[in-house]
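Values below: all heavy atoms of this structure, side chains included; hydrogens, waters and symmetry mates excluded. These numbers were taken from a predicted model, which means no experiment stands behind them.
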Amino acid sequence: MNTDRTRIIHGRSLADWIAEFPPIADLVAARETAWFNPAVAPAAEALGDVGLGLVDVRDAEARLRRFAPLLARLFPELAATGGIIESDLVAAPAFAAALAAEAGTAPAARILIKKDSHLPVSGSIKARGGFYEVLKRAETLAEAAGLIGPDGDTTPLAEPAARDLFARHAIAVGSTGNLGLSIGLMGARLGFRTTVHMSADARAWKKAKLRAAGVAVVEHAADYGAAVAQGRAEAAADPSCHFVDDEHSQDLFLGYAVAALRLAPQLAALGIAVDGEHPLFVHLPCGVGGGPGGVAFGLKLVYGDAVHCLFAEPTASPAMLLGVLTDRHDAVAVQDFGLSNLTAADGLAVGRPSGFVGRALRRLVDGYFTVADRRLFRLLALLKRTEGLELEPSAIAGAPGPAWIAATPAYRARMALTPDRLARATHILWATGGSMVPPDEMAGYLTAGEEALRADGL
């Protein structure tokens, strides 16, 4: 962290950057902060920025349903759902009370947790998007080879002829861990030659799980950006290789957006209304931006102005916040401003954001906030104490969101979030990973969190 205001960044002093964009002062000092986006526009207007629509998301959802019988055949853990990859939505009243006590505010009206942390096979938000892109690639190749026809039956892709076809093709991806798991496990199970370029912060157990599945794992001493660059370069040199690009892929983005279509019936089953008088706030951990961006896009398509999305990032890696705040998007990186990009939230350790997501959702995401690692560990321990739920550090990053809303009257006034409307609101914390963390590593996370809580007298 370098807070020297004479430091030159892209031809300007840090002091000049701060003068134009005051939140940068907190960002470079690695202080927890929130910025609520003044450019947010009505969904009917801003959704046009994305270049995709509801028909595209429905097409993606239909493709996933078409592949469900194949997935149930390939992965025994999907048999119970018939191959549908979806997570539970659960109430967390005790955790909500603990969050309010910690923040010194009244409890949020209702807090739910979306347990993408417990999605089958790969255990993270990346499952829908990652699986979707690999399946779409497989479908394209299989149709060209005459292995599947217009009847929509995808189960022939589990047969030897399909494996022989896919073995002549490769898939590559760069990842901090969770996207690599999704792409790697699906690609290898179908028979693709699959390579995952892992950044230095990727957890050892994720690399081991991939290698055990027959995936080639290439380790990089640098961060996510370097892993992606190397993967992209190698794929470009191999005509048989399809590179999964979390920064720019519309297929990944649409796969993630499917979550919104499936959330709607879950909320309805709980008797929860979402409309102008019953707002929905969704708090999403953010790395490069593809996962939360796709989910937020889908939610805006479904709920319009009744839903408000906030992105959470580590204090060491506020890449999306920095990109959107300055309107430079992927032209700036956290390292440019002296931040380390080193965080226990390995899934969010991204120095440069997706320019596609930042620009596409520039007027759709209400706000961005940062979370220190120490708070992440505290939150993990609080969640375990109150709800018995175990997550990895990156997955709990959205939990401070309700408190930031309560602490920002200017935002509430601008969005006409009156006390009555907030009292009828629902908050969803999107839990992005954790169920596959090895027990000894999870114990370490929880010990660190309990130590932090005890040090604070809790």
Side-chain angles (χ1 to χ4, degrees), residues 58-90 113-139 141-142 147-149 151-167 171 178-192 194 205-206 208-215 251-252 254-266 269-270 291 389-391 395 431-439:
R58 285 179 172 157
D59 179 66
E61 206 277 336
R63 181 171 283 106
L64 286 173
R65 287 196 176 276
R66 196 158 63 243
F67 272 93
L70 173 67
L71 294 180
R73 183 169 170 180
L74 291 175
F75 298 99
E77 55 267 54
L78 290 174
T81 63
I84 297 296
I85 306 161
E86 200 43 71
S87 66
D88 293 334
L89 181 67
V90 300
I113 295 177
K114 179 61 172 163
K115 293 175 63 177
D116 275 8
S117 50
H118 290 67
L119 280 171
V121 183
S122 68
S124 83
I125 188 175
K126 300 294 187 178
R128 291 185 206 84
F131 282 16
Y132 178 76
E133 177 144 351
V134 174
L135 292 170
K136 187 176 180 184
R137 175 64 173 165
E139 182 182 56
L141 293 171
L147 295 181
I148 55 177
D151 61 358
D153 182 12
T154 61
T155 55
L157 300 192
E159 301 300 332
R163 291 191 65 83
D164 290 345
L165 169 66
F166 299 146
I171 288 177
N178 285 342
L179 180 62
L181 276 179
S182 295
I183 298 295
L185 295 175
M186 179 58 70
R189 188 62 61 94
L190 285 169
F192 286 101
T194 309
W205 69 266
K206 296 180 183 180
K209 187 175 181 67
L210 284 168
R211 288 184 173 122
V215 177
D251 286 337
L252 274 179
L254 289 170
Y256 297 138
V258 167
L261 301 186
R262 295 175 174 176
L263 182 71
Q266 289 183 316
L270 294 173
L389 184 60
E390 297 180 349
L391 303 180
T432 51
S435 62
M436 296 188 176
V437 174

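Looking only at side-chain heavy atoms (C-beta outward), V258 and R58 stay at 4.5 Å or farther from each other. Using a 4.5 Å heavy-atom cutoff, the side chains of R128 and S87 are in contact. Side-chain contact between F192 and M186: absent, with no pair of heavy atoms (C-beta onward) separated by less than 4.5 Å. Considering only heavy atoms from C-beta on, V437 comes within 4.5 Å of W205 through its side chain. For the pair V134/I183, a side-chain contact is recorded, criterion being any heavy-atom separation below 4.5 Å from C-beta on. Contact of the P69 side chain with the T155 side chain is registered, since non-hydrogen atoms from C-beta on lie closer than 4.5 Å. Between L157 and F67 there is a side-chain heavy-atom pair separated by less than 4.5 Å. Taking the side chain as every heavy atom from C-beta outward, M436 and K206 never approach each other to under 4.5 Å.
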Checklist entry - Passes salt bridge (Lys or Arg N to Asp or Glu O under 4.0 Å), K136 versus D251? Steps please. => result CA-CA 8 Å; K136 187 176 180 184; D251 286 337; 3.0 Å; yes

Next on the checklist: salt bridge (Lys or Arg N to Asp or Glu O under 4.0 Å), that's the test. Do E159 and R73 meet it? Break it down for me.
Outcome noted: CA-CA 11 Å; E159 301 300 332; R73 183 169 170 180; 2.4 Å; yes

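With E86 as the fixed residue, the salt bridge (charged side-chain N to carboxylate O under 4.0 Å, His left out) test singles out one of R65, K115, K114: K114.
With hydrogens and angles left out, the side-chain atoms of D116 and T432 include no donor and acceptor closer than 3.5 Å.
When all heavy atoms of G180 and L210 are compared, the closest pair comes out as O-CD2, 3.4 Å. Across every non-hydrogen atom of A188 and A213, the tightest pair is CB-O, 3.5 Å.
For R63 (side chain) and G255 (main-chain N/O), no donor-acceptor pair under 3.5 Å exists by modelled atom type.
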